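Notes follow once the structure below has been shown.
Both ligands and their constituent atoms are indexed starting at 1 by order of listing. On a predicted model such as this, the values are computed, not experimentally measured, just so you know. Starting from 1, each residue takes its place in the sequence as its number.
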Amino acid sequence: METHIHKINPWKIIEVGWNRNKIKGSESIFSIGNGAMGQRANFEEDFSGKSLQGSYIGGIYYPDKTKVGWWKNGYPEYFAKVINAPNWIGISILIDSIPLDLNKVNRVEKFERILDMKKGLYERAFSIKMKDDLEVEIKSKRFISMKKKSVGAISFKIRCNRDVKISLSPYIGFDVSNDDSNWDEKFWETKEKINTQNKSLVKSKVKKTGFKVITYMKANLYDNNVKLEKPFKAKSNSKKILLESEQILKRGHTLKVVKFGGYVTSECNEWNKIENKTTKILNYLENASFEDLYREHTLEWAKIWEQSDIKISGDNKSQQAIRFNIFQLNQTYRGDNPNLNFGPKGFTGEKYGGSTYWDTEAYCIPFCLGTKPPKVTLNLLNYRYLQLDKAIDNAKKLGFENGAALFPMVTMNGEECHNEWEITFEEIHRNNAIAFAIFNYTRYTGDLKYLVDKGLEVLVGISRFWAQRVSYSEKKNKYVILGVTGPNEYENNINNNWYTNYSTKWCLKFTLDSINICKKNNANSFKELSKKLKIKKYELDLWLKISKNIYLNKDEELGVFVQQDGFFDKDLKEVDKLDYSQRPLNQNWSWDRILRSPYIKQADVLQGIYFFEDKFDTKSIKKNYEFYEKFTVHESSLSPCIHSIIACKLGKIESAYDLFKRASRLDLDDYNKEVEEGLHITSMAGSWLTIVEGFAGMRVRNNSLHFTPRLPKKWKSLLFKINFRGNIYTIKFNQSVFQCSLNFNQDCFIYVNKKRLTFDNNRKTHTSI
Ligand code: BGC
């Protein structure tokens with residue numbers, strides 16, 4: 001039986017059928033996590049087939065020495081890798097002395113996995129036929145507690161159709177390595193193993209960075225729900241510590257292992273503190289039940305869904321997809337720790353190393369603003385603020401001075417840790433996404449004090465960078481920006497990338513406007529800040545001059561902004577005319593061919609139009625959209641959502657819907673043929689944006705929410721909540737009526753299709769659309 005289907009269900013991802021070639025993809029899809037730790041959906045029992053073992057801990061990384069063909073000055077020394085951590089989920093099983101390994105059994109009769117997104121539960125059930133007509137049925141459940149950040153729990157049940165001898169060993173495997181290690185090194189050193197009846201733990205230290213982590217486990221065994229007393233013998237070898245037990249499992253009886261495990265780290269990184277914390281957890285788990293932990297875990301999920309669920313009626317495929325995206329985002333980042341961030345792969349894979357990309361500012365922050373209290377976004381902004389000194393050092397290494405800051409493209413701790421020259425040195429547009437996030441936060445929350453408290457320091461560092469990075473072209477009598485890579489990574493070392501130039505123009509002006517706001521609102525604090533940063537008048541004049549005179553190329557005939565110098569010299573054959581077998585291009589074409597082609601990996605000019613929409617008229621937006629969409633291959637997960645939002649604005653709802661499906665089901669339907677490597681977490685925020693900013697057309701203007709609702713034909717209605725200025729706005733609309741209700745204060749208004757609506761005494765309003 002070798003099929004593979006993810007069934008459509010509004011709250012669940014269901015896989016039915018056994019397909020050993022799809023295991024790695026499903027390991028990504030069924031990943032679970034709680035913001036502090038997470039893991040791929042590896043099997044508990046041994047599996048000798050193709051698999052990517054992966055369990056990860058937030059903020060724990062290894063600086064893997066850079067590997068490049070030819071060293072270039074300025075390269076970062078290392079590429080930070082999110083480390084594959086010791087495996088606490090393992091349970092080795094022998095049935096009548098034969099290892100339980102789905103890759104080796106004669107017949108898999110039934111195989112099913114369910115990810116219940118409402119409750120955060122991953123379940124698996126299968127039955128197999130072994131020799132002599134032995135039938136074995138396994139049912140496992142697993143979750144990582146949203147309430148207790150160091151605790152994960154497994155319930156693993158076995159039943160057989162005759163009496164058998166079962167040997168069963170819950171274990172911690174510490175002989176782990178990263179698939180993407182540059183030098184095939186191990187990243188961990190095992191410092192100590194303790195394995196007794198009551199205490200099983202492994203102390204590991206990350207090489208070079210010195211992070212200390214304790215991996216622990218606790219297991220109980222039950223025969224037909226009767227707990228067995230002291231069933232395990234503690235053993236260990238050079239790769240594992242294990243708790244071994246041999247039992248006769250009677251026909252029709254159920255043998256159940258309940259295993260708890262996880263990681264304990266501590267901010268102060270001292271072994272005794274970490275061990276005390278672990279001992280407390282183990283003592284607590286002595287009397288804890290899977291069910292009680294599960295109950296409190298589901299209550300946490302209920303709170304998350306209460307605020308962030310989106311209900312789409314009329315289209316279960318989209319419903320499932322948007323919930324999957326929201327679910328994974330919440331598993332990746334909880335917003336309670338300014339040292340953590342959204343990694344592009346979250347806890348679902350190793351690729352991309354590092355943790356923080358411009359994805360956070362461009363995609364994840366709007367999601368957090370809409371679904372979480374403002375302090376969550378503040379943590380993400382402060383993450384960059386706390387790394388400003390490193391951004392200044394980073395710029396210094398590249399030859400910039402006077403406090404110029406270049407934030408890293410990829411980072412774990414503020415240091416740049418990506419080492420492809422075209423990305424490290426050239427993808428400098430990331431600086432502007434960080435400035436944009438500060439703007440977005442202040443626009444959304446109205447908290448202008450943030451500027452003088454922290455935001456302005458970041459903006460000044462970034463503006464100082466641009467003032468030195470631009471060149472003045474005598475010939476053009478304009479400032480130009482040379483040798484960059486824009487968001488579209490299928491073009492390297494280009495000149496005058498429209499997006500980079502435009503966002504720089506905007507960024508310099510925003511910095512100047514922010515200075516004026518601070519001068520006006522917080523004169524004293526601004527004076528102090530100005531002294532601290534040594535802001536000089538001539539700098540401000542220069543920023544204004546650059547902002548006003550930056551080169552922005554437009555093809556007047558076509559009415560489109562030119563992606564970069566020379567773009568129109570390319571062979572402009574549209575994507576539709578390409579043989580589909582060539583896609584994705586990055587898996588089929590040489591890099592040289594990609595660079596010469598007009599094909600666009602992800603929104604580039606359109607990314608700028610998306611950010612700065614109010615600066616362009618609809619006619620111009622339409623021309624640019626219609627032109628660039630024809631050349632965009634959307635081979636970055638970050639792309640279709642932006643095109644979809646713009647398509648909505650232009651009233652191209654069905655195209656927007658197709659793009660939404662691609663954005664939201666990217667991993668579920670594996671559009672880019674890479675789900676095995678992990679999920680595209682940060683772009684999942686883009687799916688949320690497509691619903692809220694696209695189909696609901698939400699914008700924040702002059703301290704109020706504006707909506708331009710338009711649903712795809714297939715959707716009967718859409719419902720979501722927005723956390724805005726102390727109120728929760730519940731938005732619901734169908735093809736003809738728009739409704740909004742508030743939970744606190746009705747003393748505000750919203751705009752729907754430009755019409756101003758006030759709220760009645762029940763804090764409700766509605767209008768026909
Ligand atoms: C995209 C970048 C993005 C990175 C991480 C790349 O494929 O081109 O824009 O930051 O993935 O998501």
- Message: How far is atom 5 (C) of ligand 1 from the closest protein heavy atom, and which atom is that?
- Response: D359 OD2, 3.3 Å
- Item | Test of ring centre spacing under 6.0 Å for Y61 and Y56 | no
- Message: Quick check on contacts: which atoms of ligand 1 are under 4.0 angstrom from a heavy atom of Q602?
- Response: 1 (C), 8 (O), 9 (O)
- Query: For Y357, is at least one N or O under 3.5 Å away from an N or O on ligand 1?
  - Reply: no
- Query: Identify the closest protein heavy atom to atom 11 (O) of ligand 1: which residue and atom is it, and at what distance?
  - Reply: Y352 OH, 3.4 Å
- Heavy-atom contacts with W358 under 4.0 Å: which atoms of ligand 1 show up? List them by number with element. 2 (C), 3 (C), 9 (O), 10 (O)
- Is it true that Y490 and W591 have ring centroids separated by less than 6.0 Å? yes
- Item | Pick from E635, H429, H680, K601: the one approaching atom 6 (C) of ligand 1 most closely through a non-hydrogen atom | K601
- Message: Tell me if the aromatic rings of F612 and Y502 count as close, with their centers under 6.0 Å from one another.
- Response: yes
- Task: Would you confirm whether the ring centroid of F465 sits within less than 6.0 angstrom of the ring centroid of F400?
- Result: yes
- Query: Of all the atoms in ligand 1, which lie at a distance below 4.0 Å from a heavy atom belonging to L638?
  - Reply: 3 (C), 9 (O)
- Give a yes or no on whether the ring-centroid distance for Y363 and F342 is below 6.0 angstrom. no
- Do you know which two heavy atoms are closest between D64 and F187, and how far apart they sit? OD2-CZ, 3.8 Å
